[in-house]
Each structure stands twice: as C-alpha cells, then as structure tokens.
There are 2 protein chains.
Amino acid sequence: MSNDLDRLDLKILDRLQIDAGESSSAIAEHVGLSQSPCWRRIQRLKEEGYVKRQVAILDREKFGESMYIFAQLKMSRLSDDQRERFVSALQDIDEVTEAYTLFGEMDVILKVLAPNIAWYQNFTFRRLLRLPGVEDVRSTATLSELKCTHRIPLPSN
Amino acid sequence: MSNDLDRLDLKILDRLQIDAGESSSAIAEHVGLSQSPCWRRIQRLKEEGYVKRQVAILDREKFGESMYIFAQLKMSRLSDDQRERFVSALQDIDEVTEAYTLFGEMDVILKVLAPNIAWYQNFTFRRLLRLPGVEDVRSTATLSELKCTHRIPLPSN
DNA sequence: TATGAAAAGATAATCCC
DNA sequence: GGGATTATCTTTTCATA
C-alpha cells in the first residue's frame, strides 16, 4: 500500500513486468546500477510482495481456436457460506480466468476462455447456472484481440 | 495452431505458466525428465512460440487503490486507416490493459485500470471519446477481484 | 532421433569494502 | 552502492541407446 519505492525500484519493476527473463546484470545496466545492488533490490521487491509471481505467457492461438467471453452474472443475495462456495468453485474452473464483483455486490463479471460458442453454450447451462446464487447469465463474446498486456502503469513512468 | 506437443511438453508448459521462475532441473524433476532434455524442450517451446514471453506479475494493491473498469465502446464504421489509428492509440494508453472486438466488428470492449472513478470519468471524456470512431462508452466498474489468473487451460490436464 | 552425463559458460548470490 | 568471489544454474558438447 505504502510507497517507499524510489525511481530505480520503479524502473526495475517496470522492466520485470515487461520481461522477467532478463538477467539481473542486464536490468542493472538498463536502470544504471551495478549487478549486486540491482539484484538486492529485485530480491527485496519480491520479498516485500511487489512482485507476486513470475509466469510464462503462452500463445493460446497455438492450441487451436479459442475465444474470450465476458459473462455477467446476476446473483441472488448469498449467505457468507454460499458466497465462499461460489468463490471457491470459480477457482476450480480453469476456463474462468478472471472474476470481479461489480458495484452493488450482487453481480459478478467473469472472463471465460472458451474453445467455441457451442462449448460455451453448454458451459453456461451445465456450470455457470449451477453455481450457488447465479440467477442469470448475460454473455458478450469477443472476436479478436486488439491488445492484451499484463503490465500495470507505474508512477512516474 | 497444430499440436505436435506430447504430454511432457504440455506438463512443462503448464508449470511454466504457473511459475516461470523455476530452474529447468526443478521442472525436469516435476515432469519426470532429466535436466538436459527438459531444458531442450523448454528451449524448443520458446523458439516455436508456444511461450510468448515471461513476465513478472506485480501486486497492484501495493501501489495504492485501483480498480478495473470494463468499457464497451460503440464504434462507427471505420476505414482501414482510421481503424489502424484506433488500434495504435490503444497500445499507447497504458491504462488500457486489454482490448477485444466484439461480434459485429462495430463494438469493442476494453479493460481499463483506473486509480479511481473520478480519474475514469475524466479519462472517458478526454481519451476514450476522442479516439477515432468512438461514438459512445458504456462502463462497468469492478469492486473486488475474486480471481485473476494468466493461465490458459491446456489439453489433457 | 532422443537421452543422459558431464564440461564450459553465464548468472545468481554472498562477501567485504 | 560497488567490486570481487563463490555457488548455482544454464547451455553446449559428447557419448550412448
């Protein structure tokens, strides 16, 4: 929450979120440090949780056709227990890649990676509508990807 | 597009998209290979583009309040040139983290990382509505993140 | 053609200044 | 924070099946 990060830390973080494969000495050079202080900063940034994890981004087109679909769920009011089961169920569905509650706490938006529309049709009835509290699903299918980044804007960049 | 990947390749890819920080020998152990064939496979998977890139996922909560907002853009019909300028403009707006066209080619959905609603209000008028072809913006603000993964489901997992 | 073992090279991690 | 050192991992080579 607090920002005890200086300009160098931010430059390092931004490089990491663009390419986490670079060596610490390469990053050091780019931000104007030598290897060991740069490595220490990277280490600290990881320990303090600024870097949550490091992942490989796969090319989903290589695995055949697929499409992202945004599903807006109309929810009934849930008990704490029901809500917990709902959230837990979402974690277990690999095709649900993201989920957010919307203002009002009664609706949820999902980003679903579907192989095709027919699969999604089935998924809606067999999975989504059977989750605790889900009353209705309104879906928006995407056609093509214009931009997809995992980079968050950092201060003073 | 084609899948000349065997079960080991898929296991390697899945580990990489969960944690790309692991050493090749650690991955080798997990998938049941020795270090060098595993390393060669990883190399090949990168060369052939199955792995697009490797990134650090930052904890956006560490940088103060922020919220994702989905913006659905109503577009007028664009010439190829206008469309190119529109897509290019999206790439330059750091707060737009994702963009997809919707069925019909006339609408677009954006995922925007906003510091707060007031910022977004201004952003809508000053940036979005000034992009080529944008006629209207309908926004859905998210409240809390229930799930956010960058892992795509792989066959036979 | 693919694997494993092992050497060579690069990088990460630690030390001291 | 920088420079030098050691530990560890990556990458190449080579022998083998």
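Computed from a predicted structure; not experimentally measured.
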Heavy-atom closest pair, residues Gln35(B) and Ser25(B): CG-CB, 3.8 Å

Nearest listed nucleotide, side chain of Gln35(B), among dA13(C), dT11(D), dT11(C): dT11(D)

Least distance between heavy atoms, Leu45(A) atom then Leu5(A) atom: CD2-CD2, 3.6 Å

Atom of Met75(A), atom of Val108(A) and distance for their closest heavy-atom approach: CG-CG2, 4.1 Å

Interatomic distance where CD belongs to Gln43(B) and C1' belongs to dT12(D) [whole Å]: 11 Å

Side chain of Ser34(A) (C-beta onward), nearest among dT3(C), dG2(D), dA12(C): dG2(D)

Whole angstrom value for the distance that separates C1' of dA2(C) from CD1 of Ile12(B): 14 Å

Under-4.0 Å side-chain N/O to phosphate OP1/OP2 contact, Ser24(B) with dT10(D): yes

Among dT10(D), dG4(C), dG2(D), the one nearest Pro37(A) by side-chain distance: dG2(D)

Integer-rounded Å distance: dT14(C) P and Arg41(A) CZ: 18 Å

Separation of atom CG in Leu33(B) from atom P in dT10(D), rounded to whole Å: 15 Å

Spacing between Trp39(B) atom CH2 and dT10(D) atom C1', to the nearest angstrom: 7 Å

Options dT10(D), dG1(D), dT14(C), nucleotide nearest the side-chain atoms of Ser36(A): dT14(C)

Protein-nucleotide distance (Ile42(A), atom CD1; dT11(C), atom P), rounded to Å: 13 Å

Euclidean distance, atom CZ of residue Arg44(B) to atom P of dT10(D) [Å, nearest integer]: 18 Å

Minimal non-hydrogen separation, Thr97(A) against Arg151(B), with atom names: CG2-O, 4.0 Å

Euclidean distance, atom CD1 of residue Ile27(A) to atom P of dA12(C) [Å, nearest integer]: 8 Å

Shortest side-chain distance from Ser25(B), nucleotide among dA4(D), dT10(D), dG4(C): dT10(D)

Check: Arg40(A) side chain, dG2(D) base, donor-acceptor under 3.5 Å: yes

Geometric class of the Phe123(B)/Tyr120(B) ring pair [parallel <30°, tilted 30-60°, perpendicular >60°]: tilted

